[in-house]
Number of protein chains: 2
Amino acid sequence: MAEDGSPEGGTKPLSRIQARNRRRILEAALDVFSQAGFRGATLDQIAERAGMSKPNVLYYFDSKDSIHVALLNALMSRWLAPLERLGTRAGEPPLDALMAYIRRKLEMSFEMPRESRLFAGEVLQGAPRMAPHLDSTLKPLFDEKCALIRRWVDEGQLATVDPEHLLYSIWAVTQHYADFEAQVGALTADQATARERAATHVDALFFRLLAPRQKT
Amino acid sequence: MAEDGSPEGGTKPLSRIQARNRRRILEAALDVFSQAGFRGATLDQIAERAGMSKPNVLYYFDSKDSIHVALLNALMSRWLAPLERLGTRAGEPPLDALMAYIRRKLEMSFEMPRESRLFAGEVLQGAPRMAPHLDSTLKPLFDEKCALIRRWVDEGQLATVDPEHLLYSIWAVTQHYADFEAQVGALTADQATARERAATHVDALFFRLLAPRQKT
DNA sequence: CCGGTTTTTTACCGTTTGGTAAAGGGACGA
DNA sequence: TCGTCCCTTTACCAAACGGTAAAAAACCGG
């Protein structure tokens with residue numbers, strides 16, 4: 001709503017060149033912020049990677065801060081989309097739905113590591129620029145899906161599990177491959193099969209936790 | 001070995017006041033670095049929290065960089081101690097040893113969140129100041145313990161599991177509570193029982209993965 | 001109390017950084 | 001040809017930052 005980058009934050013129709021340049025700035029900023037953190041990134045780096053001068057960047061965004069906020073806002077929905085879809089496919093067994101969610105999150109960790117690291121860096125430092133979003137956007141979604149999982153457990157379609165901590169561990173395990181890529185890359189012996197083995201491992205980890213025990 | 005902070009890095013005996021002030025600086029730096037990241041932290045902040053002037057801090061450490069490196073070095077052993085102990089208790093069943101390791105790591109995440117976040121921030125940005133340690137210290141230890149776990153699996157004392165990714169997921173899940181504390185704190189409904197429920201959940205998650213299936 | 005060493009402070013420097021002012025360029029209609 | 005609107009550049013600034021010089025203060029054995 002308010003991540004407009006044009007000089008005045010009005011509700012202008014947003015010209016073609018504006019859209020293109022803002023996209024380029026955000027793309028460059030994602031590179032720089034995710035690699036160096038907010039404080040470690042500089043406007044000059046962002047400008048250079050976006051192929052324009054620093055004042056030109058500041059023509060499209062009011063400040064370094066607003067670039068960061070715009071990025072976070074723009075990425076939030078993409079990042080939470082899989083969770084939003086969880087349990088919306090009619091007739092899908094809960095275990096299948098959860099395992100599909102987990103697999104999708106793992107895929108995203110490998111395919112969108114910059115986004116993962118951007119969020120990780122922000123939360124790591126206390127989420128100073130994301131607190132409103134955590135409360136207004138993530139919290140309701142989180143509570144809704146926790147209630148859904150709790151229902152599934154009560155119906156006996158899942159093994160007994162703490163929904164909150166289940167989601168925490170899903171996020172932790174999947175995002176680990178993006179956020180700690182430097183470590184994983186230094187330790188993993190066989191890089192070629194790493195992704196496939198990660199998928200197999202994560203699948204087993206959560207399947208054995210979630211598959212309902214045989215009923216009495 | 002080389003994290004000496006005195007003006008010259010010789011092998012001086014290190015006086016009482018030197019030890020005290022260096023400890024105070026490192027304590028303050030742990031606060032500041034873990035909260036703001038390397039680039040986000042300033043010498044003035046560290047000096048203020050240590051209760052001394054900026055030049056006085058630089059009397060004990062050559063540079064901001066050397067404080068960070070000294071911190072990393074000093075913390076590395078404490079952080080890896082539980083992994084080093086894994087499997088050294090004679091006669092302990094492998095499953096018990098691993099579960100004890102996991103519980104200890106989770107405790108550390110709650111009791112030493114600053115240390116966890118310091119490492120996380122460093123790795124998140126590509127581990128620029130820790131790469132040597134990853135290769136020389138962590139890698140051999142990691143390989144050794146992976147071999148140990150693989151042996152346990154082959155002996156049928158653990159369920160089939162990928163040792164590398166098992167350790168990754170243990171680290172991911174346990175450290176998540178420290179590294180993403182801002183998020184967990186914003187989402188968790190009942191803060192009072194959070195730690196206990198985390199322990200129960202993590203226990204179940206890994207026990208169900210690792211407990212050997214009934215033999216044929 | 002003294003002389004030398006260690007520790008701490010004051011004052012300062014050069015660079016980097018986020019941000020601004022203002023002029024220039026290009027496209028387009030009248 | 002002129003004006004004008006949107007975009008871009010050049011030149012610049014004040015603050016913050018890591019770090020240094022050098023003098024003052026505190027410490028300590030004799």
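So that the names make sense, note that chain A is the first sequence line, chain B the second, and so on, each numbered from 1. Note that this is a predicted model, so its numbers are computed, not measured.
In this structure, CG of B:Leu58 is placed 19 Å from P of C:dC12, rounded to the nearest angstrom. Spacing between atom CE of B:Met52 and atom C1' of C:dT9 amounts to 13 Å, rounded to whole angstrom units. In this structure, B:Phe38 atom CZ and D:dG18 atom C1' are separated by 10 Å, rounded to whole Å. Between the CZ atom of B:Phe61 and the P atom of D:dG18 there is a distance of 16 Å, rounded to whole Å. Regarding A:Arg24, its CZ atom lies at a distance of 13 Å from the P atom of D:dC7, rounded to whole Å. The distance between atom CG of A:Asp44 and atom P of D:dA11, rounded to the nearest whole Å, is 16 Å. In this structure, A:Glu48 atom CD and C:dG18 atom P are separated by 14 Å, rounded to whole Å. The interatomic distance linking A:Ile25 (CD1) with D:dC7 (C1') rounds to 12 Å, in whole Å.
We find that B:Glu27 and B:Arg24 are not joined by a salt bridge, their nearest charged nitrogen and carboxylate oxygen being 4.0 Å or further apart.
Position along DNA chain D of the nearest nucleotide to B:Lys54 versus A:Val57 favours A:Val57 as the more 5'-ward residue. With the nearest nucleotide of DNA chain C identified for both A:Pro55 and A:Gly40, A:Gly40 has the one nearer the 5' end.
Taking the six-membered ring for Trp, B:Phe61 and B:His68 have ring centres at least 6.0 Å apart. A:Tyr168 has its ring centre less than 6.0 Å from the ring centre of A:Phe142.
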Atom pairs and distances, side-chain donor-acceptor, residues 144-152 of chain A, under 3.5 Å, sequence neighbours left out:
unit_1, atom_1, unit_2, atom_2, d
A:Lys145, NZ, A:Glu84, O, 3.3
A:Lys145, NZ, A:Leu86, O, 2.8

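Looking at every heavy atom in both residues, B:Ser63 comes nearest to B:Leu58 through CA-CD2, 3.9 Å.
B:Ser53 comes within 4.0 angstrom of a base, heavy atoms only. Using a 4.0 Å heavy-atom criterion, one finds that B:Ala41 contacts the sugar-phosphate atoms exclusively. Contact annotation for B:Leu43: backbone-only contact, meaning every heavy-atom pair under 4.0 Å involves sugar-phosphate atoms and none involves a base.
Contact annotation: A:Tyr59 side-chain N/O to D:dC7 OP1/OP2 distance is under 4.0 Å. For A:Gln18 and D:dC7, the shortest distance from a side-chain N or O to OP1 or OP2 is below 4.0 Å. Contact between the side-chain N/O atoms of A:Asn56 and the OP1/OP2 oxygens of D:dT10 is not found at any separation under 4.0 Å. Within the 4.0 Å cut-off from OP1 or OP2 of C:dT6, not a single side-chain nitrogen or oxygen of B:Asn21 is found. Of the side-chain N and O atoms in A:Arg39, one or more sit less than 4.0 angstrom from OP1 or OP2 of D:dC17.
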